[in-house]
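Just so it is clear: chains get the letters A, B, ... in the order the sequence lines come, proteins before strands, and each one is counted from 1.
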Amino acid sequence: MNPVPAIETKELTICFGGHTAVDSLNLSVEPFTLKSIIGPNGAGKTTLFNLISGQYSPTSGKVLFNGKDITRMDVATRANMGIGRSFQLTNIFPSLTVLENVRLALQAKEKIGMVFWRYYRDFPELEDKAYDLLKQVLLHEKWSTEASLLTHGEQRKLEIAILLALDPRVLLLDEPTAGMSLEDVPGILDIIQEIKDSRTRTILLVEHKFDMIMTLSDTIAVLQEGRIICDDTPQAVSNNEKVLEAYLGGGVKA
Amino acid sequence: MTQTPTLVEKDRMDERAKRFKSPTFNLQLAVIFILAVAPFIIPSFTFMDVMAKIMIFAVVVASFDLLLGYTGILNFAHGMFFGVGAYSVALILYYSKSPGWHHILLAAVISLVISIVLSLVISFFSLRVKAIFFAMLTLALAEFAHILAVQWTSLTGGEDGISFVLPGIFNFSWSGPTFFGTQMNGRLMVYYLILVCAVFLFAGLVRFVRSPLGRVLKSIRENEQRTVALGFKTFGYQIYAIVFSAAISSLSGILFAMWICYVNPDSVFHTAIMVNILLMVLIGGMGTLYGAMIGAAFLIVTETWLPSILKAGASFAPDVAIIQNLSDRWQLYFGILFVLVVMFFPKGVIGTIRAMLGQKK
Ligand SMILES: Nc1ncnc2c1ncn2[C@@H]1O[C@H](COP(=O)(O)OP(=O)(O)OP(=O)(O)O)[C@@H](O)[C@H]1O
Ligand SMILES: [Mg+2]
C-alpha cells in the first residue's frame, strides 16, 4: 500500500500562447524522499515548480499536496501550508541585511506579521534563530551586510537559509548550487543530504550536476518538452535509452 | 546554550542599551521640550498657531508617508480623512447643547469608525484596480466628500461652515492660574492637547513602521513576489497600512478643528490640502517619517511668513511698481523654493541627510 504522495500532479498542463511548457504531466512524489527533475534547457522544470508553488496557475490539470487539491490556492497559502521554494534566479530582499532576510522568513513562519505594536527587534528568538540558520549555510559572518553586496554564491546560500527558515514540509530547490563557487557547493550538498537523511521532509530538486543527482536522489524524473519521459531510480534512469537520446539530442544540461 | 553572546546578541544588547541614549532620541526629547516651553518664551499668537499647525500636519504627513513611502500606495483620499475627523468633532460639538469631554471622545470614536469603514472600502478597490486608477478613484472620492460638505447645507452649513465652542478648559474664554508670567487659557490648553496627542500619534507611527508588520510592508516594497512566497498575504498588509494611516489622519483632523474652532469645506476637504500634504512629504523625504516634521515646518513657516518678509523687503522701495508687484506673488517664490528643494534634495531633506550619513535602512 503506497502512502499518499506528498506532491502529486494530475494531467498538469500550462500553455503560454501556443507553446505548451508543461504537457499533461503526471508526477507523484513519495513523502520524505528526494526526487530530482532533470531535462534540457526549456524542458519546463522551473515552470513545473511555479505550478506547484503557485506562481502560475495551470491551463488544466491539478496539483495535490498530501492528497489535498491545492490547484486554486494562492502562493502565500501554499507557502503557509508548507511548500517552500528556492528560486533559480536569486530572489532576495537586496537592500535589507542578510540577517533581516532570514528574520523575515522566520516572522512568516511564526505568524507574527500582523503585530504592529511591538518593536521588531524585541523578538530576540527570531534574530538568534536567523543567525543559527546563517551559520548552517556558513554565511553568519556576513549577517549585517546588505544582501545586495553579497557575491552571487553567497546570495544562493542566503536563499537556502531563507528556505530553511520557513521550515517547509516540501522543498522545491531550483538549481540551488548554480553559480556557486566550487568550494561552497559541498556545504550546500551536505545540507540537502542532511535534510534527506532526516526523512522528515520531501525534496524536489532541479540540478544539472549529474554526479550530485546520482548520489542524492531516491528517484529521478526526466523532463523533455514538458513531458516526463522517464521516472525511476537513478540506476534505471542512467541506463534508459530514451534519456540518453534526449541528452545527446537536446543539449547536455539537466 | 552558548556562553559568549553571538554577534547578533551583542548587537541587540548594544542597541537596547543605546535606545534611550541615542542622539536621535535626545533630539526628539529636545523638540518636545522646545514645543512645550515655546508659548512661554514667545507669547505671540501667530507663533503658537504656526507651531500647532506644524505639529498637526507633521502627523498627517507622516501617516501619509506611511502609505506612500513605506508601501508605495498613493491615496489621495488621505486629506479627506482629515476632513472627516474635523467635521465629526465640529458637528458633534455644534449640535450638542452642552458640549463636554465625552463629546470629543465620541467624535474621535465616530471619525475612527467612519475612516476605518471608508478606508476598508477603498482597500477593496485597491485589490481590483491598478495603482493609477486607485489614485484617481481616491481623488474622486475626496472631491465627492468636498461636494457633500458644500451641498448638505442642512447638516454642514454649506460653504459658511460651522463654528463651535470647546468644552471646559479648552474653551477660549477659560482662564486659569498664571505660570512664569503667562496666564493659562483655553488656547494654551488646546495647544498642549495637540502637543500630547501629536507626540503619541507620531510615536505610534514610528512604532508601526518598526514593528514586524512594518518590516513586512518594507519587504513588500522591496520584492513583493518574494514576500508572497514567504507566506505573507500582501493584500492584508496593505489594508492594514491604509486603515491605520486613515485613522491617524482623521484623528489629526479633530485636533485641527479644535485648534481653529471652525470648519468649512475649503479649510478641511479641499484638494489643496492634499497637495500641501504631498509637497510636505516630498520636501521632508518619502519613507523617512521624520521628514514629515521638516516638510510641515518648511511649508507652514514659509506660508505664514514669506508674504510678510517680502512685504517688508518691498517697503524699502515703495515707489517701484515692479518690486511691489513681485512682492505680492509670494506663491511664485514658494514655487521656486520648492523646485530648488526638490532639485538639491531629491530624496527630501531627511532622506538626503541619511544618505550622507550613510545610514543603514
Ligand atoms: N511566463 C512565461 N511566459 C511565456 N513563456 C514561458 C514563461 N515561463 C516559461 N516559459 C517557457 O516555458 C518553457 C519552459 O521554461 P522553464 O523555465 O520551465 O525551463 P527550465 O526547464 O527551467 O529551463 P532551464 O534549465 O533553462 O532553467 C520555455 O520555453 C520558456 O520560454
Ligand atoms: Mg529553470
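The number of heavy atoms from other shown groups lying within 6.0 Å of CD (E141(A)) does not exceed 12. Atom NZ of K111(A) sits in a crowded spot, with more than 12 heavy atoms from other residues, nucleotides or ligands closer than 6.0 Å. Heavy-atom contacts from other residues, nucleotides or ligands closer than 6.0 Å to CZ of F133(B) number 12 or fewer. Atom CZ of F200(B) has 12 or fewer neighbouring heavy atoms from other residues, nucleotides or ligands inside a 6.0 Å radius.
Nearest heavy atoms, E222(B) versus F93(A): OE2-C, 3.5 Å.
With a threshold of 4.5 angstrom between heavy atoms, R103(A) approaches chain B through side-chain atoms but not through N, CA, C or O. Contacts of P94(A) with chain B are made by both backbone and side-chain atoms, with heavy-atom separations under 4.5 Å. At a 4.5 Å heavy-atom cutoff, the contact between F208(B) and chain A is made by backbone and side-chain atoms alike. For chain B, the nearby part of R85(A) is the backbone; its heavy atoms alone come within less than 4.5 Å. Using a 4.5 Å cut-off between heavy atoms, E100(A) touches chain B through its side chain atoms alone.
The residue among T234(B), V228(B), V216(B) with the most heavy atom pairs within less than 4.5 Å of chain A is V228(B). Looking only at heavy-atom pairs under 4.5 Å with chain B, the residue among N101(A), I112(A), D128(A) that has the most is D128(A). Annotation: maximal heavy-atom pairing with chain B below 4.5 Å, among A130(A), A108(A), A79(A), occurs at A108(A).
Figure legend: R215(B) and Y120(A) shown as a cation-pi pair, the cationic atom lying under 6.0 angstrom from the six-membered ring centre and within 45 degrees of its axis.
Taking the side chain as every heavy atom from C-beta outward, I162(A) and R226(B) approach each other to under 4.5 Å. Residues N223(B) and N91(A) meet the side-chain proximity criterion, which asks for heavy atoms closer than 4.5 Å. Inter-residue side-chain proximity for V115(A) and S211(B) is flagged as unmet; no heavy-atom pair is nearer than 4.5 Å. Within the 4.5 Å cutoff, no side-chain heavy atoms of L213(B) are placed close to those of W117(A). With a 4.5 Å cut-off on side-chain heavy atoms, R207(B) and F116(A) do not count as touching.
Atom OG1 of residue T227(B) and atom CG of residue L104(A) lie 7.5 Å apart, to the nearest 0.5 angstrom. Within the model, atoms CZ of R121(A) and CD of E15(B) stand 5.0 Å from one another, a figure rounded to the nearest 0.5 Å. Rounding to the nearest 0.5 angstrom, the gap separating the CG atom in N80(A) from the CZ atom in F232(B) is 9.0 Å. Here K233(B) contributes atom NZ and T77(A) contributes atom OG1; the two are 3.0 Å apart, rounded to the nearest 0.5 Å.
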#### Entry: Test salt bridge (Lys or Arg N to Asp or Glu O under 4.0 Å) applied to R12(B) and D122(A), step by step
CA-CA 9 Å; R12(B) 193 167 54 235; D122(A) 284 343; over 6 Å; no
### Task
Starting from the C-alpha separation in whole Å, work towards a yes-or-no answer on side-chain contact (heavy atoms from CB on, under 4.5 Å) for L230(B) and Q107(A).
CA-CA 9 Å; L230(B) 292 181; Q107(A) 205 180 283; over 6 Å; no
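Between the side chains of K218(B) and S95(A), no donor-acceptor pair is found at a separation under 3.5 Å.
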